[in-house]
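Written out below as structure tokens is the structure these notes cover.
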Amino acid sequence: MTVTAPLTRICESELPLAPLRAALRRGEPAALAVITGVVGASYRPVGAGMVVTAGGQRFGNLSSGCIERDVEIHARAALADGQIRALRYGQGSPWQDLQLPCGGGLDILILPCPEQAALEAATLALQRRQEAELILGPLHLTLLPELRFLIFGKGPETRALAQMARAAGYLTEVFSPDPETLEGLANARLTPGPDWPDGVAIDPRTAVALFFHDHDREPPLLAKALTSEAFFIGAQGSARAAAARDEALLQAGLPATALSRLARPFGLIPSVRDPRSLAISVLSQILDRARSL
């Protein structure tokens, strides 16, 4: 079965827009190569892209290294004559010397010097945390903002999740009443009070995770998150702490249906006993939930 590119929804991280825009802005011709069809197994999804500049630089990837060099050759030829190219690798390909180890097939569309206005408009929408429609000739993609983690808490669990999420390349913001917890973390803010921090918006691609041992700080934060579009909301704590948390939220006026949005259990690994395992468990749960977005 072939999956084709029209109306494909894909995370912005799969498409290297920044280096493409940078090359075109400085007047260097550049081509965008995008996977528009997949047959069978594939290392990369439909919509994933690679940028090739006239100077031979490559950004992004289309496979595990099987076809990138050949795509670069075709991309530089497309830049030379200005013609769009449609390529097939693997099953049904005329180039039998370029086999895909997965045994499938890939359709690649090469667009020389894509329209800058469309790239800039899409980038502006993504910077606003909005979905972006990118239409470049026959290519039509919906780009989704990168996943974003809002992490609240105090102690090593907070630091562990923040460090792991950032190391994996996700947007991460950390909030804590404890300076020691925030030490050395990027995008970190000291929040002495329990209220939701000013200026921090929540969108459908945002996950909210709380790691407090002092659970009295949780209700105002969770009340805000549970009435937002966040795709994941969770807080650490024992069954007793969770029951007290639920009661506090009900007393604050939240309906029981809102409470059902809390991740239960918090993390994929049950009864973990150390900060790193809990952080891995929660990170895995958030990424698993994000697959349905």
Side-chain angles (χ1 to χ4, degrees), residues 9 11 125-126 128-131 142 144-155 157-158 160-162 165 170-178 181 187-272 275 278-293:
R9 293 166 60 85
C11 182
L126 292 169
R128 294 172 174 167
R129 301 287 301 167
Q130 299 170 348
E131 293 186 5
T142 298
L144 308 176
E146 179 61 274
L147 294 181
R148 175 168 165 252
F149 289 68
L150 299 181
I151 305 170
F152 297 81
K154 178 180 178 180
E157 299 90 352
T158 303
L161 180 59
Y170 295 106
L171 301 176
T172 306
E173 299 175 45
V174 192
F175 308 88
S176 177
D178 176 42
T181 296
N187 291 336
R189 187 193 302 187
L190 189 66
T191 51
D195 295 330
W196 190 264
D198 292 338
V200 179
I202 308 175
D203 59 67
R205 302 274 295 173
T206 294
V208 180
L210 275 62
F211 296 91
F212 286 109
H213 298 280
D214 176 7
H215 298 290
D216 290 342
R217 302 186 66 93
E218 296 172 342
L221 298 172
L222 290 175
K224 173 70 173 181
L226 290 168
T227 55
S228 76
E229 296 181 294
F231 77 91
F232 178 94
I233 307 162
Q236 78 170 8
S238 64
R240 180 178 177 181
R245 178 189 300 134
D246 288 353
E247 182 60 29
L249 290 169
L250 291 172
Q251 290 295 324
L254 266 73
T257 52
L259 271 60
S260 67
R261 297 185 61 205
L262 281 169
R264 305 175 195 269
F266 185 49
L268 294 182
I269 307 172
S271 303
V272 294
L278 178 58
I280 292 171
S281 177
V282 172
L283 178 59
S284 301
Q285 186 180 36
I286 291 172
L287 297 182
D288 183 62
R289 184 80 59 87
R291 295 169 63 192
S292 63
L293 295 179

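We count residues from 1, following the sequence as given.
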[X] side chain vs [Y] backbone, donor-acceptor pair below 3.5 Å:
X: T227; Y: A223; result: yes
X: E218; Y: A248; result: no
X: T181; Y: K154; result: no
X: T172; Y: Y170; result: yes
X: S228; Y: A230; result: yes

Exercise: identify the closest heavy-atom pair between [X] and [Y]:
X: P194; Y: P220; value: O-CB, 3.5 Å
X: L249; Y: P219; value: CD2-O, 3.6 Å
X: A160; Y: A279; value: CB-CB, 3.6 Å
X: G153; Y: P177; value: O-CD, 3.8 Å
X: L150; Y: A201; value: CD1-O, 4.2 Å

Regarding [X] and [Y], does a basic nitrogen lie under 4.0 Å from an acidic carboxylate oxygen?
X: R148; Y: D203; answer: yes
X: D198; Y: R189; answer: no
X: E229; Y: R205; answer: no

(request) May I have the step-by-step check of ring-ring contact (aromatic ring centres under 6.0 Å, His included) for W196 and F152, ending in yes or no? (result) CA-CA 10 Å; W196 190 264; F152 297 81; 4.9 Å; yes
(message) Going by the rule side-chain hydrogen bond (donor to acceptor under 3.5 Å, both in side chains), which residues pair with R261 if we only count those two or more places apart in sequence or in a different chain?
(response) none
(message) Using the ring centroid of each side chain, check whether F149 and F232 are separated by less than 6.0 Å.
(response) no
(message) Does atom CZ (R264) have a neighbourhood of more than 12 heavy atoms from anything else shown, all under 6.0 Å?
(response) yes
Just wondering, do [Y] and [X] contact through their side chains at under 4.5 Å, heavy atoms?
X: L144; Y: L293; answer: no
X: D246; Y: L262; answer: yes
X: E157; Y: Q236; answer: yes

(request) For the pair F231 and I286, evaluate side chain to side chain contact (heavy atoms under 4.5 Å, CB included) and give the outcome as yes or no after the intermediate values. (result) CA-CA 9 Å; F231 77 91; I286 291 172; 3.7 Å; yes
